[in-house]
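Side chains are part of it too, since the values below use all heavy atoms of this structure and drop only hydrogens, waters and symmetry mates.
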2 protein chains.
Amino acid sequence: MSSLRDAHDFEQPCPIRDVLDRIGDQWSLLVLSTLESGTFRFNTLLREIGDISKQMLSRTLKQLEQDGFVTRTVYAEVPPRVEYTLTDLGRSFLQPMQHLVAWADENHRTIVDARAHYRASR
Amino acid sequence: MSSLRDAHDFEQPCPIRDVLDRIGDQWSLLVLSTLESGTFRFNTLLREIGDISKQMLSRTLKQLEQDGFVTRTVYAEVPPRVEYTLTDLGRSFLQPMQHLVAWADENHRTIVDARAHYRASR
DNA sequence: CGGTATCCTTATCGATACTG
DNA sequence: CAGTATCGATAAGGATACCG
């Protein structure tokens, strides 16, 4: 296993950078966590998330599909039905993310306080 | 502890979003992991990381300082000496990140393969 | 229904010159 | 030495009209 520091390698594709690109964007993580509770159609997902535009949902799902986090299934019906669900990879990815969420919950106050203190000391 | 999904709350500052903003950018995580091995001066950090501009290093360090991940110490000397080091918060943050790095290492091949497969199926 | 294309705005990144 | 200011390039995000 490489450390965070070792991951800084310019000569070849970097695992942690690929992962960060996927969670660093605005919507990927939210889409993944929404899909955690089951299979969704496009417009259902749109309503479920609420404040995402169909443009961004479309882009995000396509990326997640490309990287193997999400499966897209098209049913040959009229009107068309398309369903999205997590792959094993997508599901397994949410495990390490739980650690991060837990950390964020535990330490958010410290961060907020640090910001307030910083501003106060200007 | 809130789930990823619960963290999607538009009405108030979101812990996980604050954290993602910090790791989603280009340099924060790399700076933090570099500082893991000790205390560094500005220009040393610049050389150590190698491909970061002083502009970006400056901005990144300031953000990390604001959020309480990093301590900035100025020594009243000529020429000036400024040292950066991790706070307890900064150090503790790297713990959950190790899970993510481990996951990235284990699953990077699957992601790369998924991308290749996706492109092949166009 | 499930998208894509278009266009626009904003945020991020980066090089470089300059400063205390 | 340790930055900040300025400027330009590029990418990300978003509203909306259109399409199969």
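Spacing between atom CG of L30(B) and atom P of dG14(C) amounts to 12 Å, rounded to whole angstrom units. In this structure, the CZ atom of F42(B) is 14 Å from the C1' atom of dT19(C), given to the nearest Å. Between the CG atom of L46(B) and the P atom of dA2(D) there is a distance of 10 Å, given to the nearest Å. Note: CG (L57(A)) to P (dG3(C)) measures 8 Å, nearest angstrom. Put simply, CD on E83(B) is 11 Å from P on dG3(D), counting in whole angstrom units. Whole-Å rounding puts the L20(A) CG to dC13(C) P distance at 12 Å.
Atom CG in L100(A) sits 12.0 Å away from atom CG in L94(A) (nearest 0.5 Å). Expressed to the nearest 0.5 Å, how far CG of L57(A) lies from CD1 of I52(A) amounts to 4.5 Å. Rounded to the nearest 0.5 angstrom, H108(B) NE2 and C14(A) SG are separated by 7.0 Å. Between the OG1 atom in T34(A) and the CD1 atom in I49(A) there is a gap of 4.0 Å [rounded to 0.5 Å]. Atom CZ in R41(B) sits 11.5 Å away from atom OH in Y84(B) (nearest 0.5 Å).
Taking only side-chain nitrogens and oxygens, S58(B) comes nearer than 4.0 Å to OP1 or OP2 of dT4(D). When the side-chain nitrogen and oxygen atoms of Y84(A) are compared with OP1 and OP2 of dC1(C), none of them lie within a distance under 4.0 Å.
No donor-acceptor pair under 3.5 Å is formed between the side chain of S58(B) and the backbone N or O of K54(B). Side chain of T44(A) to backbone of F40(A): no donor-acceptor contact under 3.5 angstrom is found. R17(B) places a side-chain N or O within donor-acceptor distance of the main-chain N or O of Q26(A), the cut-off being under 3.5 Å.
The side-chain hydrogen bond (donor to acceptor under 3.5 Å, both in side chains) pairs that include a residue from residues 85-94 of chain A are T39(A)-T85(A), S92(A)-W103(B), where partners are two or more places apart or lie in different chains.
Overall bending of the helix from dC1(C)-dG20(D) to dG20(C)-dC1(D), expressed as the angle between end axes built from five pairs apiece, is 40° (10° steps).
The side-chain contact (heavy atoms from CB on, under 4.5 Å) search around R59(B) returns Q55(B), M56(B), not counting sequence neighbours.
Y75(A) and L61(A) fall into different hydrophobic clusters, defined by Ile, Leu, Val, Met, Phe, Trp and Tyr side-chain heavy atoms under 4.5 Å apart, directly or through other members.
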Legend entry - Nucleic acid footprint by protein, nucleotides 14-20 of chain D - heavy-atom cut-off 4.0 Å, B for base, S for sugar-phosphate alone: BBB---B
Legend entry - Step-by-step side-chain hydrogen bond (donor to acceptor under 3.5 Å, both in side chains) determination, S28(A) to D25(A): CA-CA 6 Å; S28(A) 290; D25(A) 68 18; 2.7 Å; yes
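For DNA chain C, the neighbouring residues in residues 72-79 of chain A, judged by any heavy atom under 4.0 Å, are R72(A), P79(A). If you check residues 62-69 of chain B against DNA chain D, the residues with a heavy atom closer than 4.0 Å are K62(B), listed by number.
A salt bridge links R115(B) to D18(A): at least one charged side-chain nitrogen sits closer than 4.0 Å to a carboxylate oxygen.
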